[in-house]
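Reviewing the structure listed below.
Just so it is clear, the values below take in all heavy atoms, side chains as well, and ignore hydrogens, waters and symmetry mates. Positions are given from 1 along the sequence.
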Amino acid sequence: SMGAAFSLIEHNYIHDIWTKRQFNGAEIAGIKFHAAIDTRILNNRIQNVGRGIWLDWMAQGTRVSKNLVYQNDMEDLFMEVNHGPTLVDNNLFLSPNSIVTQSQGGALIHNLIAGYICDFPDPNRFTPYHVPHSTDVAGLSTIFSGDYRVYNNIFLGNATHKAWSNRYNNGMISFKGVQLPMWVSGNMYFNLAKPGPFDTCYVLNPDEKIEFNLVEEGENVYLEISFNMPEQLPATQLISTETLGVAKMPRQKFEDMDGKLIVFNTDYLSVNRKSPNPVPGPVESIFSGKSRIKVW
């Protein structure tokens, strides 16, 4: 269970896993870890693996950043019974089911989220949280749900298929029943995506369905996407460790594994973001009209 603690997983192409669906069960994913303490999952391409990234209990101080995750029929990211802090930033989650979180104490920052989000509590499982940057257990708690920070994302709201649970929704409306506080601002919602009751500043455009396509040319992948950007973008802020506070249960900051401050001042392409008002989503240079962006 502790094998992935303090690990770095980067620059991998993970694909075509569990393709025949001849059996089912736990632990099937492109990346599946228990106790990813201070683990970084960076700059990976994960395609056609059923479930993309699955972080199961004791993900604390974990960062999932700048990954391209797509063509998965379960979900791109599953966060199971974690107390955080977990950082999920600058990712492209482009499958019909984008994120499932049965966790608390997380942050979603500058992601492009195409499909459903599902959030739900787990009042029956007591799982550990840790002394910051350590495998030492500090306590146990159930999952109340909430304690999430959600800043500067783009929700495309493109999922239309029948989900297995009514908890699946397009956008932050999925978090409407959480018990712990939420901090949500600077997001953009298109098509079927809807904000939650705690959104403080957002742009909502239900009349626009944004089409996108991933084009593979040799070993390269290009995202072709067309936006009609609204004249007025949401009032964003440059996000940092100081913005995010501490995860409730472990009382740990959303900081780097060595305790240093993180400033989310570069995008998916490592381009500097505008300060103090960056563009929502993972690519700073995205603009109104058609864009063709090399994403791998």
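Taking CD1 of Ile46 as the start and CD1 of Ile14 as the end, the distance is 4.5 Å to the nearest 0.5 Å. Note: Ile17 CD1 to Gln47 CD = 11.0 Å, rounded to the nearest 0.5 Å. Rounding to the nearest 0.5 angstrom, the gap separating the CZ atom in Arg292 from the CG atom in Asn213 is 9.5 Å. Annotation: the span from Leu87 atom CG to Ile41 atom CD1 amounts to 12.0 Å, rounded to 0.5 Å. Between the CZ atom in Arg45 and the CG atom in Leu92 there is a gap of 12.0 Å [rounded to 0.5 Å].
Taking all atoms of both residues into account, the shortest heavy-atom contact from His11 to Asn44 is N-OD1, 3.3 Å. Contact detail for Pro250 and Gly84: the closest heavy-atom pair is CG-O, 3.2 Å. Pairing each heavy atom of Phe254 with each of Thr86, the nearest pair is CE2-O, 3.6 Å. Taking both residues in full, the closest heavy atoms of Pro121 and Gln102 are given as O-CG, 4.5 Å, listed atom of the first, atom of the second, then distance.
His130 places no side-chain N or O within donor-acceptor distance of the main-chain N or O of Ala138, the cut-off being under 3.5 Å. Judged by distance alone, the side chain of Thr266 and the main-chain N or O of Asn272 form no donor-acceptor pair under 3.5 Å. Judged by distance alone, with hydrogens and angles left aside, the side-chain atoms of Thr243 form no donor-acceptor pair with the main-chain N or O of Thr241 at under 3.5 Å. Looking only at distances, a side-chain donor or acceptor of Asn67 sits under 3.5 Å from a matching main-chain atom of Ser65. In this structure, Asp267 contributes its side chain and Leu269 its backbone to a donor-acceptor pair below 3.5 Å.
Taking Asn166 as the reference, nothing meets the side-chain contact (heavy atoms from CB on, under 4.5 Å) condition, with sequence neighbours excluded. Listed by chain and number, the residues in a ring-ring contact (aromatic ring centres under 6.0 Å, His included) with Tyr13 are His15 (sequence neighbours excluded). Not counting sequence neighbours, the partners of Asp147 by the salt bridge (charged side-chain N to carboxylate O under 4.0 Å, His left out) test are Arg149. Remark: Arg40 pairs with no residue by the salt bridge (charged side-chain N to carboxylate O under 4.0 Å, His left out) rule, at least two apart or across chains. Evaluation of the ring-ring contact (aromatic ring centres under 6.0 Å, His included) rule for Tyr268 yields no partner, not counting sequence neighbours. Residues forming a salt bridge (charged side-chain N to carboxylate O under 4.0 Å, His left out) with Asp256 (at least two apart in sequence, or on another chain): none. The salt bridge (charged side-chain N to carboxylate O under 4.0 Å, His left out) test applied to Glu255 returns no partner, not counting sequence neighbours.
Between the side chains of Asn48 and Gln71, not a single donor N or O lies within less than 3.5 Å of an accepting N or O. Side-chain contact check for Tyr148 and Ser103: no donor-acceptor pair (N or O, by modelled atom type) lies under 3.5 Å.
If you run side-chain contact (heavy atoms from CB on, under 4.5 Å) between Tyr151 and each of Leu244, Val184, Leu108, Thr236, only Leu244 comes through. For the ring pair (Phe, Tyr, Trp, His ring centres under 6.0 Å) with Phe190, the qualifying choice from Phe212, Phe227, Phe155 is Phe227, the only one to do so. Under the side-chain contact (heavy atoms from CB on, under 4.5 Å) test applied with Val283, the options Ile293, Val295, Val271 reduce to a single match, Ile293.
Between Phe93 and Tyr70, the distance separating the two ring centers is not shorter than 6.0 angstrom.
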Is there a side chain to side chain contact (heavy atoms under 4.5 Å, CB included) between Trp54 and Phe33? Walk through the geometry before answering. CA-CA 7 Å; Trp54 184 355; Phe33 291 146; over 6 Å; no

Can you check side chain to side chain donor-acceptor pair (under 3.5 Å) on Glu10 and Asn43, steps first, answer last? CA-CA 5 Å; Glu10 64 177 348; Asn43 301 108; over 6 Å; no

Quick one, Val246 with Gln252, criterion side chain to side chain contact (heavy atoms under 4.5 Å, CB included). Give me CA distance, side-chain angles, the key distance, then yes/no. CA-CA 5 Å; Val246 297; Gln252 180 177 333; 5.9 Å; no

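If you chain together hydrophobic residues whose side chains sit under 4.5 Å apart, Ile154 and Val150 never meet in one group. There is a path of hydrophobic side-chain contacts, each under 4.5 Å, that joins Ile28 to Ile9. Ile53 and Met257 fall into different hydrophobic clusters, where Ile, Leu, Val, Met, Phe, Trp and Tyr side chains are chained together by heavy-atom contacts under 4.5 Å. Using a 4.5 Å cut-off between side-chain heavy atoms of Ile, Leu, Val, Met, Phe, Trp and Tyr, with links allowed through other members, Ile31 and Ile99 fall into the same hydrophobic cluster. Using a 4.5 Å cut-off between side-chain heavy atoms of Ile, Leu, Val, Met, Phe, Trp and Tyr, with links allowed through other members, Leu68 and Ile225 fall into the same hydrophobic cluster.
Taking a cutoff of 4.0 Å between a charged side-chain nitrogen and a carboxylate oxygen, Glu224 and Lys294 do not qualify as a salt bridge.
For residues 24-38, the side-chain hydrogen bond (donor to acceptor under 3.5 Å, both in side chains) pairs, not counting sequence neighbours, are Glu27-Lys32, Lys32-His34, Lys32-Asp56, His34-Asp56, Asp38-His133. Here salt bridge (charged side-chain N to carboxylate O under 4.0 Å, His left out) pairs that include residues 75-101, with residues two or more places apart or in two chains, are Arg51-Glu75, Arg63-Asp89, Glu80-Arg125. Residue pairs that meet the salt bridge (charged side-chain N to carboxylate O under 4.0 Å, His left out) test with at least one member in residues 186-207, sequence neighbours left out, do not exist here.
A perpendicular orientation is assigned to the rings of Tyr129 and His83, their planes being inclined by more than 60° (bins at 30° and 60°).
Looking at heavy atoms from C-beta onward, Phe175 lies in side-chain contact with Phe198 at the 4.5 angstrom threshold. Looking at Glu242 and Lys253, their side chains never come closer than 4.5 Å, going by heavy atoms from C-beta outward. Counting heavy atoms from C-beta outward, Leu42 and Lys66 have side chains that stay 4.5 Å or more apart. Residues Asn82 and Gln104 have side chains not in contact (no heavy-atom distance under 4.5 Å, counting atoms from C-beta outward).
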Review item, side-chain donor-acceptor pairs of residues 110-119, under 3.5 Å, at least two apart:
{"from": "His110", "atom 1": "ND1", "to": "Asn152", "atom 2": "O", "distance (Å)": "3.4"}
{"from": "His110", "atom 1": "ND1", "to": "Arg273", "atom 2": "NH1", "distance (Å)": "3.3"}
{"from": "His110", "atom 1": "ND1", "to": "Val279", "atom 2": "O", "distance (Å)": "3.4"}
{"from": "His110", "atom 1": "ND1", "to": "Gly281", "atom 2": "O", "distance (Å)": "2.9"}
{"from": "His110", "atom 1": "NE2", "to": "Asn152", "atom 2": "ND2", "distance (Å)": "3.2"}
{"from": "Asn111", "atom 1": "OD1", "to": "Asn90", "atom 2": "N", "distance (Å)": "3.3"}
{"from": "Asn111", "atom 1": "OD1", "to": "Asn91", "atom 2": "N", "distance (Å)": "2.9"}
{"from": "Asn111", "atom 1": "OD1", "to": "Asn91", "atom 2": "ND2", "distance (Å)": "3.1"}
{"from": "Asn111", "atom 1": "ND2", "to": "Val88", "atom 2": "O", "distance (Å)": "3.0"}
{"from": "Asn111", "atom 1": "ND2", "to": "Ile109", "atom 2": "O", "distance (Å)": "3.3"}
{"from": "Asn111", "atom 1": "ND2", "to": "Asn153", "atom 2": "OD1", "distance (Å)": "3.1"}
{"from": "Tyr116", "atom 1": "OH", "to": "His161", "atom 2": "O", "distance (Å)": "2.7"}

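Think of Leu238 as one node in a network of Ile, Leu, Val, Met, Phe, Trp and Tyr side chains linked at under 4.5 Å; its network also takes in Leu261, Val263.
Heavy-atom contacts from other residues, nucleotides or ligands closer than 6.0 Å to CD of Glu217 number more than 12.
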